[in-house]
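A short write-up of the structure that comes next.
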Amino acid sequence: MKAVWWKDRKVSNHKVLAIIPARSGSKGLANKNVLPLAGRPLLAWSIEHAQNSKLTTRVICSTDDEKIAAIARQYGAETPFLRPTELSGDDATDSSFTVHAIKWFKKNENWDTDIVIILRPTSPLRDPADIDGLIKMMIENPNAHSCLSVLEAEKSPYKMLRQQSNGFIVPLIKCEVPDQLNAARQTLPKALQQTGAIHGVRGPIAIKHNTVIGSLILAYEPRYKSVIDIDSLEDFARAEQILKQHPPVQE
């Protein structure tokens, strides 16, 4: 059964598809996508965030498991298909399930996707307002292929080392700052790391190049300054503590 709530949404002229990927397999923690986080299944947080976004047009859960699909529908996501087995293994990529979803909607509903927003359940620290902020950034920069939520890296890669075959160590990445290994952090180039919480890609780029990245990538800095990728019960506990202290905000 398909949800149809999206048809009445007032959005921009861009068709924005929010995908919550939730396959059944997990090497780290079994069934983690539906385990409870602060009283709700983990994937329910991402579904709610997408629904509270003002610019998403449709919200779907891409999963290979009917039980997960049923829970996703319970919380308001569409589940128009079950993801093929070959796109659900440990080696499945974001590109594979994204391109599959775009092509499915084009073939079965003649519905084109301008922008895809990937909201990983395992990175639940996000504000719906930041989803809209990232979408707006992509709309305002039409040449961009994708946009990633990022924060300044906790440790500068310009301070990191690698060992050569002769045994001596050298900077992992060289920069133009003199004596970079001893230089003050603020004098080094700013390094960014993905938060994993929000990832946007243009539908035509994903289809043409089979990618969710491309070569022209925008950086969006969200309000949450914590990075988490849930893969253990300890991660659940840490995420729950952060959510209690800093609940999502919708403007």
Is the shortest side-chain N to carboxylate O distance from Arg120 to Asp94 below 4.0 Å?
-> yes

So, Trp45 side chain and Pro121 main chain: donor-acceptor pair closer than 3.5 Å or not?
-> no

Answer with yes or no whether the side chains of Ser46 and Arg126 bring together a donor and an acceptor at under 3.5 Å.
-> yes

Using a strict cut-off of less than 4.0 Å between a Lys/Arg side-chain nitrogen and an Asp/Glu carboxylate oxygen, indicate whether Asp114 and Arg202 qualify as a salt bridge.
-> no

Once you round to the nearest 0.5 Å, how far does CD of Glu48 lie from CG of Leu43?
-> 12.0 Å

With a 4.5 Å limit on heavy-atom distance, are the side chains of Leu172 and Leu161 in contact?
-> no

Electrostatic pair Lys244-Glu240, nearest N-O below 4.0 angstrom | yes

Going from CE on Met138 to CD1 on Ile135, what distance comes out if it is rounded to the nearest 0.5 angstrom?
-> 9.0 Å

Give the intermediate values and the outcome of salt bridge (Lys or Arg N to Asp or Glu O under 4.0 Å) for residues Lys32 and Asp231.
-> CA-CA 7 Å; Lys32 65 181 177 182; Asp231 199 36; 2.9 Å; yes

If we only count heavy atoms from C-beta on, is the Cys175 to Leu188 side-chain gap below 4.5 Å?
-> yes

Salt-bridge test for Arg58 and Glu109: reply yes if a basic N is under 4.0 Å from a carboxylate O, no otherwise.
-> yes

Any donor-acceptor N/O pair, Asn166 side chain to Phe168 backbone, under 3.5 Å | yes

Above 12 or not: heavy atoms from other molecules or residues under 6.0 Å from CG of Asn141?
-> yes

For the student: nearest non-hydrogen atoms of Arg223 and Asp130, plus distance = N-OD2, 2.9 Å

Mind running side chain to side chain contact (heavy atoms under 4.5 Å, CB included) on His145 and Val201 for me, showing each step along the way?
-> CA-CA 6 Å; His145 295 167; Val201 64; 5.8 Å; no

Fit a plane to each ring of Trp104 and Phe81, take the angle between them on a 0 to 90° scale, and name the class: parallel (under 30°), tilted (30 to 60°) or perpendicular (over 60°).
-> tilted

Main-chain N/O of Val16 paired with Thr57 side-chain donor or acceptor, under 3.5 Å = yes

Output yes when Glu78 and Arg73 qualify as a salt bridge under the 4.0 Å nitrogen-oxygen rule, no when they do not.
-> no

Ignoring hydrogens and angles, tell me if any N or O in the side chain of Gln241 forms a donor-acceptor pair with the backbone of Phe236 under 3.5 Å.
-> no

Is there a side-chain contact between Leu243 and Pro248, using heavy atoms and a 4.5 Å cut-off?
-> yes

NZ of Lys136: more than 12 outside heavy atoms within 6.0 angstrom?
-> no

Using a 4.5 Å cut-off on heavy atoms from C-beta on, say whether the side chain of Val99 contacts that of Ile207.
-> yes

Side-chain donor-acceptor pair present, Thr63, Arg83, cut-off under 3.5 Å | no

Using modelled atom types only, decide if a donor and an acceptor are shared between the side chain of His199 and the backbone of Val212 within a distance under 3.5 Å.
-> yes

Residues Arg23 and Asp65 bridged, charged N to O under 4.0 Å | no

Enter the distance from Leu218:CG to Cys147:SG here, rounded to the nearest 0.5 Å.
-> 4.5 Å

Output for pair (Ile117 CD1, Leu17 CG), nearest 0.5 Å, gives 9.5 Å

Would you tell me whether Ser24 and Asp64 have side-chain atoms, one donor and one acceptor, within less than 3.5 Å of each other?
-> yes

Looking only at atom types and distance, does a side-chain atom of Gln164 sit under 3.5 Å from a main-chain N or O of Val170, one as donor and one as acceptor?
-> no

Considering only heavy atoms from C-beta outward, does the side chain of Ile198 approach that of Leu119 to under 4.5 Å?
-> yes

Verify the distance criterion only: is there a donor paired with an acceptor across the side chains of Thr211 and Ser95 at less than 3.5 Å?
-> no

Any donor-acceptor N/O pair, Thr113 side chain to Val116 backbone, under 3.5 Å | no

If only atom types and distance count, is the side chain of Lys103 paired as donor or acceptor with the main-chain N or O of Thr98 below 3.5 Å?
-> no

Quick one: are Leu151 and Tyr224 in side-chain contact, heavy atoms under 4.5 Å?
-> no

Does one side chain, of Ser156 or Arg185, offer a donor that lies under 3.5 Å from an acceptor on the other?
-> no

Measure the spacing between OG1 of Thr56 and CG of Asp132 and express it to the nearest 0.5 Å.
-> 7.0 Å

Minimum heavy-atom distance Ser62-Ile19, with the two atoms named | CB-CG2, 3.9 Å

Between Val150 and Gln193, is any pair of side-chain heavy atoms under 4.5 Å apart?
-> no

Would you say Asn182's side chain and Asp179's backbone share a donor-acceptor pair under 3.5 angstrom?
-> no

Other residues, nucleotides, ligands: >12 heavy atoms within 6.0 Å of Lys225 NZ = yes

Side chain proximity check, Leu181 to Tyr158, heavy atoms < 4.5 angstrom = no

How many angstroms lie between atom CD1 of Ile71 and atom CZ of Arg40, to the nearest 0.5 angstrom?
-> 14.0 Å

Does CD1 in Ile169 sit with more than 12 non-hydrogen atoms of other residues, nucleotides or ligands closer than 6.0 Å?
-> no

Any donor-acceptor pair under 3.5 Å from Glu152 side chain to Leu192 backbone = no

